[in-house]
Amino acid sequence: MDFLNELNPNQLEAATHVDGPMMVIAGAGSGKTKVLTYRIAYLMEKGVDPFNILALTFTNKAAREMKERIANVVGESEARNVTMGTFHSVFAKILRYHSDKIGYPNNFTIYDSQDSRSLLKSIIKEMGLDDKVYKPGLVHSRISSAKNNLISPQQYEANAEIVGEDRMSGKPKLFIIYKQYEARCFKAGAMDFDDLLFKTNVLLRDFPDVLNFYQHRFRYILVDEYQDTNYSQYLIVKKLAALYENICVVGDDAQSIYAFRGANIENILNFRKDYPDYKLYKLEQNYRSTKNIVDAANSIIAHNKDQIKKKVWTQNEDGNTIKVLRTLTDNEEGRVISNAIFEAKKAKGLDYKDFAILYRTNAQSRSFEEALRKLNLPYKIYGGLSFYQRKEIKDIISYYRLAANPKDEEALKRVINYPRRGIGNTSMEEVTAAANRYGVSIWEVISDFETYPVSMNTAAKKKMQAFATMITSFGIKLETTPAFDLAQEIAQSSGILKELYDDRSPEGVARYENIQELLAGIKEFTVSQEEGVLVSLSDFLIDVALLTDADNESEEDRNKVTLMTIHASKGLEFPYVYIVGLEENLFPSQMSLHSRTELEEERRLFYVALTRAETSCTLSYSMSRYKWGQATTSEPSRFIQEIDDKFLQHESPYASGPGKSLNNSGLSKRSVSSGEASSMGRTGKMTPLSTATKKTNPSSNATNAALKVGYNVQHERFGKGKVVKIEGADPDKKVTVFFPKHGQKVLLMRFAKLEILD
DNA sequence: GGAGCTTCAATTTTT
DNA sequence: TTGAAGCTCC
């Protein structure tokens, strides 16, 4: 077992623990995945049947990578028998197998968030409620958190506290929506993401023989990223492990970033209560990052109250200090960071893939994309609209879903009139109402107007029947035709392929190509499965619902600059990391400022971001940023000043001369010193007012210092005006100007592009 | 029933 | 700024 030589003593101890409960608290970059994979390999070398091992990961990607690594140690054929995947994908498959027990068809559909929201929208509309009050997104997250805490619609309704909260927030009918939603999903033979866990709990609770079977089957259980599990997941694991208690959980409380989605750090803390004789292993040596980065990260996380104390350390070299860049606008931020990447790549001979730009929200990617494109730096954006969420892909997959499960209401609504078949809203409202009246799915109505009469003109009925006939014909072929052949046939005879082919616009061509790519993907999927077995389209559907973009990485994407949200970056590492948009109300997010726990989650998120970096980390913030099309001013994130200053080096790329750096005192007062205006004043290098102010640069306002009451000024938008008043200290210095055409305005000196006319 | 126009709202993170 | 939803006109 040579592979064990690669482990340090702590890692070795953890990896060779065989029986009994164990927990590994693993600091960032401490070789957690290595321990997990080697422990699995070790178990197998010790004679444990891979069929008896269940390893649950947070993403498909993590599962796939771990599987590869295990295969490298014990060989492909052994490795493939380990059950490894995300909670959602592993239990979706188990649920399919036992679906009849809980009243679902075995071809049940998995609704993604879009489907859930669309269904909720219909329900809210049908109930005659105001969707401004009952926002589908918010309603969904409320229902989702109920499900993650295993609260059924009945329990929800009976829970005075919960119903009280809804009443207080002006949504007293929420429990009815939940009930309806549940009923509609059931009628459609559909489960949403949360159901996959909820129903697994139901299955294991109500069918002791099933529970017993899986308890024996999964004699060894490993859970990665345990800090991100929710109550529902926790209970599944607990039940499955109850017999043998060979349970191994790995996590890091400092990297818990999914509490907003129901993840429960308590699961880590409660582990010792559930398994009093558990063994605890701590991995604290970081192998990933320089000393500076590790220590800076430590200094950040120290600000959190809720944490398990540990001391992450490293033997790596000190490395460079962390650069903090201040820019004037978000576009400049994009340019400066892209330039920095360009230069570093050239100077150090690095690959594109060595760089990552991490941000809080997907919307921030824009300015970086533009700048990278201008420099011809290839990049890849993760997240955002994934391939599988694109309209044309969802459309065609809706046909596949209908072939497998025609009761799938969301798929039906999506494509019954796409391509156009003359089935409009009026007819759809008619059949939806009828379906609700008869208590069946829309499909049952349109495929059997005899049993479910609807008052509708015959033409409309005919069109619907024709659609139903087509779907039925697809369904018949489902289990007899190979996935790829049927997929192609459906693409053709549904008319989608033609529809897209006829659209010769660039977007249309791209959509057509996306469909081709999907078909190629299905082909590939068919090939990757075992030989001699017919791979049906429904097999593909099981996988596709739970796939994300990250699972779809193509070869040519390998060597590109990475752009992603910090959430998406968890578990990854890059030599050069740029964490951007470090501004109050953005990171930490505005939504998180109301409570300590939420703010601490943001801080953990920042911790995760920092610890992605191996050799170099750069932070940046901008003084103004476009938010819904409007420039807004912003101030630097509190997180910057929370880092011990000895690890930082401040820079403002646009300023010239020695006085450029943003000094610490300025920062710790949490205000931006208006850099250039004062420094220029001090050095006496004041440029002529008129030329300085004509620059497009909004705060190259060397003029500000010279501005006095009574001066005539020119404003870009308001035209000529006279200064009435000047107030406040430099960063927030305000100037009141009377404009004959627009009246009196109070302007922030930093951003008002005032030109002095006197 | 459908296309095209105007208006209006919304921006956190994702299996 | 973008996208969806509603409205008008054909």
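In what follows, chains carry the letters A, B, and so on, assigned in the order in which the sequence lines appear, proteins first and then strands, with residues in each chain numbered from 1. The shown structure was predicted, so the numbers you read here are calculated from the model rather than taken from an experiment.
Remark: C1' of B:dT15 and CG of A:Leu197 are 8 Å apart, rounded to the nearest angstrom. Atom P of nucleotide B:dT13 and atom CZ of A:Phe606 are separated by 19 Å, given to the nearest angstrom. Atom pair A:Glu583:CD and B:dT12:P shows a separation of 16 Å (rounding to whole Å applied). Atom CZ in A:Phe198 sits roughly 18 Å away from atom C1' in B:dT15 (whole-Å rounding). In this structure, A:Gln389 places its CD atom 9 Å from P of B:dT15, rounding to the nearest Å. The distance between atom OH of A:Tyr231 and atom P of B:dT15, rounded to the nearest whole Å, is 25 Å. Rounding to whole angstrom units, CG of residue A:Asn230 and C1' of B:dT14 are separated by 13 Å. In this structure, CG of A:Asp224 is placed 15 Å from P of B:dT15, rounded to the nearest angstrom.
Under 4.0 angstrom from either OP1 or OP2 of B:dG1 there lies at least one side-chain N or O belonging to A:Thr426. Phosphate proximity of B:dG1 to A:Ser427: present, with a side-chain N or O under 4.0 Å from OP1 or OP2. In this structure, A:Asn362 reaches the B:dT14 phosphate: one of its side-chain N or O atoms is under 4.0 Å from OP1 or OP2. Neither OP1 nor OP2 of B:dT15 sits under 4.0 Å from any side-chain N or O of A:Asn148. Proximity of A:Thr565 to the phosphate of B:dT14: a side-chain N or O atom is located under 4.0 Å from OP1 or OP2.
Here A:Tyr258 lies in heavy-atom contact (under 4.0 Å) with sugar-phosphate atoms only. Residue contacts for A:Asp195: at a heavy-atom cut-off of 4.0 Å it reaches no nucleic acid atom on any strand shown. Using a 4.0 Å heavy-atom criterion, one finds that A:Tyr626 contacts no nucleic acid atom at all.
Taking the C1' atoms as reference points, C:dA4 lies 22 Å from B:dT13, given to the whole Å.
Closest contact between the side chain of A:Phe260 and the listed nucleotides B:dT14, B:dG2, B:dT13 involves B:dT13. Side chain of A:Arg360, nearest nucleotide from B:dA9, B:dT13, B:dT15: B:dT13. Comparing B:dT12, B:dA9, B:dT15 by their closest approach to the side chain of A:Lys132 singles out B:dA9. Picking from B:dA9, B:dT14, B:dT12 the nucleotide with the shortest atom distance to the side chain of A:Ala568 gives B:dT14.
In this structure, the side chain to side chain donor-acceptor pair (under 3.5 Å) partners of A:Asn405, at least two apart in sequence or on a different chain, are A:Thr109. In this structure A:Ser144 satisfies the side chain to side chain contact (heavy atoms under 4.5 Å, CB included) test together with A:Asn148, A:Asp194, sequence neighbours excluded. For the side chain to side chain donor-acceptor pair (under 3.5 Å) test, residues two or more places apart in sequence or in another chain that qualify with A:Glu126 are A:Arg184, A:Asn436. In this structure A:Thr361 satisfies the side chain to side chain donor-acceptor pair (under 3.5 Å) test together with A:Gln364, sequence neighbours excluded. In this structure, the side chain to side chain donor-acceptor pair (under 3.5 Å) partners of A:Lys394, at least two apart in sequence or on a different chain, are A:Asp112, A:Asp115.
Atoms CD1 and CD, on A:Ile265 and A:Glu601 in that order, are 7.0 Å from each other to the nearest 0.5 Å. A distance of 9.5 Å separates OH of A:Tyr231 from CD1 of A:Ile151, quoted to the nearest 0.5 Å.
The residues A:Lys413 and A:Glu410 are annotated as salt-bridged, a charged nitrogen and a carboxylate oxygen being separated by less than 4.0 angstrom.
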List, with names and distances, any nitrogen or oxygen atoms from the protein found under 3.5 Å away from nitrogen or oxygen atoms belonging to nucleotides 3-6 of chain B.
residue: B:dA3; atom: OP1; partner: A:Arg420; partner atom: NE; Å: 3.1
residue: B:dA3; atom: OP1; partner: A:Arg420; partner atom: NH1; Å: 3.0

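Positionally, the nearest nucleotide of DNA chain B for A:Gly424 lies more toward the 5' end than for the other of A:Gly424 and A:Ser589. A residue-by-residue look at A:Lys135 and A:Asp194 shows that A:Lys135 has its nearest nucleotide of DNA chain B further toward the 5' end.
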